[in-house]
Participant: 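Got a structure for you, written out below as structure tokens; questions coming shortly.
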Amino acid sequence: MPIYFNKDIQEFHLQSEKLSYIFNILKNDQLGHLYFGKRLRHRESFSHLYTSIEKANIACVFEGDLSFSLDTTKQEYPSYGTTDFREPAYQISQENGSRISNFIYKDHRIYKGKSKLERLPATYVEQENEAATLEISLYDDVIDAEIILCYTIYEKISVITRSAKFMNHGRENLNLTRAMSMSIDFFDSDFEIIHLSGGWARERHVKTRKLETGIQSISSARGTSSSQQNPFLALKRPETTEHQGEVYGFSLVYSGNFLAQAEVDYYSVSRIMMGIHPFDFNWLLESGESFQTPEVVMVFSDQGLNGMSQIYHSLYRTRLARGNWRDKERPILINNWEGTYFDFNDEKILEMASAAKELGVELFVLDDGWFGRRDDDTTSLGDWFADKRKMPNGIKGLAEKINDLGLLFGLWFEPEMVSKMSELYNAHPDWIIQVPNRRLSHGRNQYVLDFSRSDVVDYIFDMMSKVLCDTSISYVKWDMNRYMTEIGSRTLAADRQREVAHRYILGVYDLYDRLTSEFPDILFESCASGGCRFDPGMLYYAPQAWASDNTDAVERLKIQYGTSFVYPVSSIGAHVSAVPNHQVGRITSLETRANVAFFGTFGYELDVTKMSVEEKQIVKEQTNFYKKHRKLLQTGTFYRLHSPFDKDGNVTSWMVVSENQKEALVGRYQVLAKPNSGYERLLLKGLHNELEYEIEGMNGSFYGDELMNAGIQLDQVIPGLLQWGDFTSQIFKLMCRSK
Ligand code: DGJ
């Protein structure tokens, strides 16, 4: 997979099986952007793609030359203040007050494979020849500083990753006031912008709007990536659909404050940039220091939104997620949270666990409330030792009993937080994020530990390791239940206070790194009040994430559908809970609740001991079904068929297809029953044209091309489809007919 550099005309061409990315060195030795999109054959020059508009009233770089202005030049990593009036990718404030810099091309290196990012999560390769990397060094001789722009292109997956590293080789202190991970100037703005927005319990809803002149952005300044906006943005052509047309995706591998921005200028050029939010950010680069930005994963697909999502799924499932659990089938779990909340003891837990075991569950997860003296959310965070009132034999004693039942055991932690009523807070009141002489806000009665400090991270590591070493624990749920306020750290100097939010995330990554290395057999699931930190950064350490505190099946359709824009099914924690649902009060059938949760890492979150005999029988069937099909569900290719975000939105459907295209599972969900509705044909996707499929429970067979082009009439396939009642659903299985 070539990365070409044409020395004579100073052009780079990154080319893989399906995409090309082309840029050049400009007249002023900065970098210009030429093309990103479908693969182009390589040629000696792409200089015809360079366009610039000559205008008398424009600010120009060189004296006597009216033809060169950065205002009208498409660029790779634009700087501030030298004829370009759009927002720059970076800005460096210098000791003399100047914010002007001039980083020009110095040299580059090309190598096979991909390097790790210092202290940050990133995509990776397993074999050198899966990807190639280009590192371009840009140098500013006035301040003796360097920027390394890093590009990796994957051969088989249509992805380019980008990041930047700033290095201060000089003597003066530099202040990085803005350091985006990437920037790109598209030659037009005929796009719609898509992002995943929401709030607690309604995370990652799909929003689409036309790209317009001016700046439009999504961001988080909450200290985490947030449920309000996900660190993802896509640009699609207006005619692009789920399955056809061009789309570009940008996804930031980061879990803290971020900005994703599109700026359309007066010539309709669209500048897209993404990275750490410059708001309330400043990084002091002392002599000899460097700063590494997080990575952006850029995807191009001409196969519509589904095509884009499948690229992200494949990369994130196999080359972002890591560890022993990455490729393993995930266990069916039961979590006691909605079943008991804080009100449990080991007798109750064992009763639930043994009932769950009977029903086919494989892992019992003990949620919040097992430590310190925590009977509600006002106390004990930080005291990671068992509450002997509830568990006289400690966590170890309980875990052993659960293991004896034949179940794995998992445990909840909220490592980044502390309650004022706790031993930890009493001993170290100065360990929280805070600003001197200012009132401290709380969230859920809790405070954020200052993870920018290594002594705090070390302490939590020791406490958690002790529990994890003592006990046979197979799974950890890592929760995080509030956003950051009054951001400040006691140990950092005044001129480094704006580093706290990023240093905090580095501390979180450090703890994750140490725990996942020390306990490689533990399956980590990330969580933040449900899905408030569902991002690629987390996925690097924890291959699955609790998608939302909202467990209502109907609400989950939107949440899981939106989440699937970027994240694979294997990462989406999804549980069956009790009805009336605890978040919205809706009553849906046990079948529908499971039919939605099957398209995620499946589990239960209710008190199984309260279920009727009939319900238990249904659960047994569900766990059998999931065990039989989980490989397909967790690793198959995912297709969205009908969107809950469509105008009507009454029907959602999706499917997974096995890699060899011989098996598929289709899920169809209907919110409200409609009287006397017309015919409904479902056009399937991803099957093999030539293969003959049978649909389980139905006579006859169909070729893949029929199912995908003529579709199937659902009421004929699914007996009773037009049944009474709201919130109905069906799952049907396709198998290739053996000859
Ligand atoms: C928020 C999580 O999303 C829930 O699943 C549960 O773990 C609670 N926190 C416990 O406090």
Side-chain angles (χ1 to χ4, degrees), residues 198-204 222-228 230 255 333-344 349 352 363-384 386-387 390 395 409-419 421-422 442-449 464 473 475-483 508 523-535 538 542 544-552 555-556 559-560 563 571-578 581-584 593 597 600-607:
W200 174 79
R202 51 179 173 81
E203 297 87 349
R204 293 172 299 286
R222 294 169 178 268
T224 77
S225 51
S226 89
S227 56
Q228 280 70 14
N230 197 257
S255 311
L333 65 79
I334 184 153
N335 179 306
N336 70 306
W337 179 242
E338 286 199 14
T340 65
Y341 294 104
F342 295 103
D343 185 17
F344 61 84
I349 293 299
M352 283 171 84
L363 161 69
F364 188 93
V365 179
L366 183 60
D367 209 278
D368 194 354
W370 60 268
F371 50 90
R373 290 178 76 81
R374 187 155 161 103
D375 296 326
D376 56 34
D377 62 18
T378 59
T379 79
S380 303
L381 292 170
D383 292 348
W384 302 114
D387 182 346
K390 295 182 185 174
I395 281 294
F409 179 68
L411 199 56
W412 180 96
F413 288 90
E414 194 173 0
E416 299 151 68
M417 299 292 154
V418 67
S419 314
M421 267 192 278
S422 67
H442 71 95
R444 208 194 187 201
N445 305 300
Q446 62 194 51
Y447 300 86
V448 184
L449 284 172
M464 288 178 72
I473 290 182
Y475 163 107
V476 164
K477 177 174 172 187
W478 178 321
D479 205 346
M480 204 283 302
N481 283 301
R482 65 159 290 187
Y483 294 135
V508 172
L523 169 61
F524 280 78
E525 175 154 348
S526 75
C527 171
S529 299
C532 299
R533 196 165 65 181
F534 199 122
D535 60 56
M538 285 291 119
Q544 58 191 61
W546 182 223
S548 176
D549 272 349
N550 195 336
T551 52
D552 171 62
E555 288 297 313
R556 273 292 182 133
I559 294 167
Q560 291 177 209
T563 305
S571 70
I572 303 176
H575 301 168
V576 172
S577 63
N581 173 267
H582 292 196
Q583 291 75 39
V584 294
R593 280 173 271 157
T601 49
F602 183 69
Y604 292 85
E605 184 148 343
L606 40 70
D607 185 350

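As the structure lists them, so they are numbered: ligands from 1, and atoms in each ligand from 1.
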Participant: I need the nearest protein heavy-atom contact for atom 9 (N) of ligand 1: residue, atom name and distance, please.
Facilitator: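 Looking only at protein heavy atoms, the one closest to atom 9 (N) of ligand 1 is D479 OD2, 2.7 Å.
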Participant: Please find the pair of heavy atoms, one from T551 and one from S577, that lie closest to each other, and give the distance.
Facilitator: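 Scanning both residues, the minimum pair turns out to be OG1-OG, 2.7 Å.
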Participant: Within ligand 1, which atoms have a heavy atom of C527 less than 4.0 Å away?
Facilitator: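 So the answer, numbered in order with elements, is 2 (C), 3 (O).
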Participant: Is G530 in polar range of ligand 1, meaning some N or O pair under 3.5 Å apart?
Facilitator: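 It does: an N or O of G530 is found under 3.5 Å from an N or O of ligand 1.
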Participant: Which of the numbered atoms in ligand 1 are under 4.0 angstrom from any heavy atom belonging to S529?
Facilitator: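 So the answer, numbered in order with elements, is 1 (C), 3 (O).
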Participant: Would you call the rings of W412 and F371 parallel, tilted or perpendicular, where under 30° means parallel and over 60° means perpendicular?
Facilitator: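 W412 vs F371 ring planes: parallel.
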Participant: May I ask you to check whether E605 has an N/O atom sitting below 3.5 Å from an N/O atom of ligand 1?
Facilitator: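 In this structure, E605 places no N or O atom under 3.5 Å from an N or O of ligand 1.
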Participant: In ligand 1, which numbered atoms sit nearer than 4.0 Å to a non-hydrogen atom of D368?
Facilitator: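 So the answer, numbered in order with elements, is 10 (C), 11 (O).
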Participant: Using ring centroids (six-membered ring only for Trp), state whether F344 and W337 fall under 6.0 Å.
Facilitator: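 No; F344 has its ring centre 6.0 Å or more from that of W337.
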Participant: How far is atom 3 (O) of ligand 1 from its nearest protein heavy atom, and which residue and atom name does that atom have?
Facilitator: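 The closest one turns out to be D549 OD1, 2.4 Å.
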Participant: Counting only heavy atoms closer than 4.0 Å, does ligand 1 sit against the backbone of N481, its side chain, both, or neither?
Facilitator: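 Answer for N481: side chain.
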Participant: Provide the closest heavy-atom pair for T224 versus C532 in the form atom of the first, atom of the second, distance.
Facilitator: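 Smallest heavy-atom distance, with atoms named: OG1-O, 3.5 Å.
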Participant: For ligand 1, indicate whether the residue R444 contacts it via side chain, backbone, both or neither (heavy-atom separation under 4.0 Å).
Facilitator: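 Under 4.0 Å from ligand 1, R444 contributes side-chain atoms alone.
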Participant: Does any donor atom in the side chain of Q446 or N481 lie under 3.5 Å from an acceptor atom in the other side chain?
Facilitator: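 Distance-only check fails for Q446 and N481.
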Participant: Once rounded to the nearest 0.5 Å, what's the spacing between atom CG of D375 and atom OG of S380?
Facilitator: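 With rounding to 0.5 Å, CG (D375) is 8.0 Å from OG (S380).
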Participant: Would you find more than 12 non-hydrogen atoms of other residues, nucleotides or ligands less than 6.0 Å from R444 atom CZ?
Facilitator: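 Yes, the 6.0 Å shell around CZ holds more than 12 heavy atoms from other groups.
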Participant: Of the protein's non-hydrogen atoms, which lies at the shortest distance from atom 6 (C) of ligand 1, and what is that distance?
Facilitator: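 Residue, atom and distance for the closest contact: D367 OD1, 3.3 Å.
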Participant: Does K477 approach ligand 1 within less than 4.0 angstrom via side chain, backbone, both or neither, non-hydrogen atoms only?
Facilitator: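 Near ligand 1, K477 shows its side chain, while the N, CA, C and O stay back.
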Participant: Would you indicate which of W546, W200, W337 comes nearest to atom 8 (C) of ligand 1 when only heavy atoms are counted?
Facilitator: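 It is W337 that holds the nearest heavy atom.
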Participant: Side-chain donor-acceptor pair under 3.5 Å between R533 and S255, yes or no?
Facilitator: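 Result is no, nothing qualifies.
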